[in-house]
2 protein chains.
Amino acid sequence: MIAARTGQDTAAPERCRRCEIRDAAICGSLPDSGLARLSAIGRTRKLKRGDTLTWEGDDAQTVANVRSGILRLTAGNADGEQQILGLAFESEFVGQFHDRQERYSVMALTDATVCLFRRTDFAALAAETPAMANAVMTALSSELGRAQQWMRLLGRKSAEERVATFLWDLYCRSGAHEDHPVPLPLTRQQIADVLGLTIETVSRKIRQISRSGTIELPDLRSFRVRSAAALERLAA
Amino acid sequence: MIAARTGQDTAAPERCRRCEIRDAAICGSLPDSGLARLSAIGRTRKLKRGDTLTWEGDDAQTVANVRSGILRLTAGNADGEQQILGLAFESEFVGQFHDRQERYSVMALTDATVCLFRRTDFAALAAETPAMANAVMTALSSELGRAQQWMRLLGRKSAEERVATFLWDLYCRSGAHEDHPVPLPLTRQQIADVLGLTIETVSRKIRQISRSGTIELPDLRSFRVRSAAALERLAA
DNA sequence: CGAACGATTGAGCTTCGTCAATGTGCGTGG
DNA sequence: CCACGCACATTGACGAAGCTCAATCGTTCG
């Protein structure tokens, strides 16, 4: 999800210039010494699908960089209702760089690998290394940008546009080309939760886009884009 | 609007513990020297209702702290459609602390006073003063929290809940008590834009909440809360 | 095979947007 | 002062989008 127009030319990889996706750019602006320090304090953790990395309200001990898989960020409210705040894909950061309390719960939607940093280590590094502090701000800025794109999706897009946006997003991130299969590692229910729709509406709209010939559905866990242009147009 | 649970005990004022609103806490964690530096680089500007402070896409020259009035943050997309990203009230910050390009346009919904800082001054201060960098991160974090609350409003709330949330928000911020008039300095159209609804729906829902006895409408530019508990319940 | 789970499809209903008519308050010019 | 125009607000009728409820289908796994 979705765009941070950072207005910066960092060295961070950009997977797809045309869609709304950019990678979090935290590493791009770091000097080598910062990178070395960073990797010195990180450790890898593997998550199984369904595992929860952090719970909303917990002490914020760690921030994480996604190496593989898809994480889901959710915040509950008093009624126990869950609002999905977004997804985090490879290379993106999740967690509170600054706050002492988790603002959202993070769950793995697929098997995933993350690189964990203790928040305090991170903060200490930021305090002593201006470039690091700068990088944290970049990450926060970029997260904010993603949040704002997400708002546009939730606030203004129709069900069809939401579904198309989601598929387009996955397509762009996957690096696949037209007619090549793109993994779709979420259930319809999970997609519905992410997009703020019901499972029935998601199912109907996916079918509808498929019947229109824009995509193909070889099975429930993948899709092929027949016309990228048409899909992008549907995504609005 | 709306909540940043920073998990921090800062000295920043908290107007209303019960509702979702907190003040941006940037000043709370600054040492006096930082504050002195901060006020040295700031300057005041008055905005008339309808004035635009910054345009999306412009070079980000300044960040601003709202001293009075209400600002509206919007982002356009290719189609020229506008998505409202939120409002900024007294004591909150708007603008890009980190990015070189404005991410949203800022317009005054009412006459307003802002305190402006050049982004570069701000950044320089942050680079040399860890406490200042920390404060910027706090502000970014808090903005992120607001964005996430806004997502919940856009993603999950019904028209009635949105309107009630908005009124509840204003009520809490105003510091007024039950049966005291709360200023409502926006037109129905502006409220509709903010909440992602149409003017007709806003009008109907406000009337409906009024007919239910929860609020009273002495005129179009203010309201009185008859039952704060009921209003909070409607806000969900 | 049968149970369980996810997905699909249909029917009906609710909510909210659209379009159109009407009401209300206010400033301006006669 | 009054009449008029204008902007904003309200209200009603209608329709479309999407939600709810329920039935059915397909796959997978025991």
Side-chain angles (χ1 to χ4, degrees), chain A residues 49-50 72 79 81-84 109-110 152-167 170 183-212 215-224 234-236, chain B residues 48-50 72 79 81-84 109-110 153-167 170 181 183-212 215-223 234-236:
Chain A
R49 173 179 166 161
R72 187 194 67 180
D79 324 348
E81 214 181 336
Q82 291 280 310
Q83 169 64 42
I84 300 222
L109 286 181
T110 66
R152 198 172 87 70
L153 183 139
L154 293 173
R156 287 271 178 262
K157 290 194 178 183
S158 70
E160 185 176 56
E161 288 168 341
R162 294 186 198 195
V163 170
T165 301
F166 182 71
L167 295 176
L170 286 178
L184 180 61
L186 285 72
T187 68
R188 297 290 188 267
Q189 182 61 64
Q190 288 172 326
I191 298 173
D193 287 344
V194 167
L195 298 178
L197 299 170
T198 60
I199 183 174
E200 294 94 335
T201 300
V202 169
S203 182
R204 277 187 255 266
K205 293 304 174 185
I206 288 185
R207 289 283 141 186
Q208 180 181 322
I209 296 173
S210 156
R211 272 194 298 275
S212 79
I215 63 168
E216 251 174 29
L217 293 166
D219 59 79
L220 288 174
R221 293 286 172 274
S222 70
F223 66 100
R224 269 199 293 272
L234 285 181
Chain B
K48 288 230 165 305
R49 173 180 165 161
R72 187 193 67 180
D79 323 349
E81 215 181 335
Q82 291 281 309
Q83 169 63 43
I84 301 224
L109 286 181
T110 66
L153 183 140
L154 293 173
R156 286 270 178 263
K157 290 194 179 184
S158 69
E160 184 174 58
E161 288 168 340
R162 293 185 198 196
V163 170
T165 301
F166 182 71
L167 296 176
L170 286 178
L184 181 60
L186 285 72
T187 67
R188 298 289 188 268
Q189 183 61 63
Q190 288 172 325
I191 299 173
D193 287 343
V194 167
L195 299 178
L197 300 170
T198 60
I199 183 174
E200 294 94 333
T201 301
V202 169
S203 182
R204 276 188 255 267
K205 293 305 175 185
I206 288 184
R207 289 283 142 187
Q208 181 181 322
I209 296 173
S210 156
R211 272 194 298 275
S212 79
I215 63 168
E216 249 174 31
L217 293 166
D219 59 77
L220 287 174
R221 292 287 173 274
S222 69
F223 65 99
L234 284 181

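Not measured: the values here are computed from a predicted model. In the text below, chain A, chain B and the rest are named by the order of the sequence lines, each starting its count at 1.
For the pair A/Arg221 and A/Arg204, both in contact range of DNA chain C, the more 5′-proximal nearest nucleotide belongs to A/Arg221.
Which of D/dT10, C/dG17, C/dT8 sits closest to the side chain of A/Arg207 comes down to C/dT8. When distances run from any side-chain atom of A/Lys205 to the nucleotides C/dT8, C/dC16, D/dG18, the shortest one goes to D/dG18. Comparing D/dT10, C/dG17, D/dT20 against the side chain of B/Ser203 picks out D/dT10 as the nearest.
The closest side-chain heavy-atom distance from A/Leu197 to A/Phe166 is not below 4.5 Å. Side-chain atoms of B/Leu184 and B/Leu167, non-hydrogen and from C-beta on, do get closer than 4.5 Å to each other.
We find that CZ of A/Arg162 is positioned 8 Å from P of D/dG18, with the value rounded to whole Å. Across the protein-nucleic acid pair, B/Leu186 atom CG and D/dA7 atom P stand 19 Å apart, rounded to whole Å. In this structure, A/Leu220 atom CG and D/dG26 atom P are separated by 12 Å, rounded to whole Å. Rounded to whole angstrom, the span from the CD atom of A/Glu160 across to the P atom of D/dA16 amounts to 16 Å. Atom pair A/Gln208:CD and D/dG18:P shows a separation of 9 Å (rounding to whole Å applied).
In this model, no side-chain donor or acceptor of B/Gln189 finds a partner on the base of D/dC8 within 3.5 Å. Checked by distance alone, A/Glu200 brings a side-chain donor or acceptor within 3.5 Å of a matching partner on the base of D/dC21.
Between D/dC19 and A/Thr201, a contact under 4.0 Å exists linking OP1 or OP2 to a side-chain N or O.
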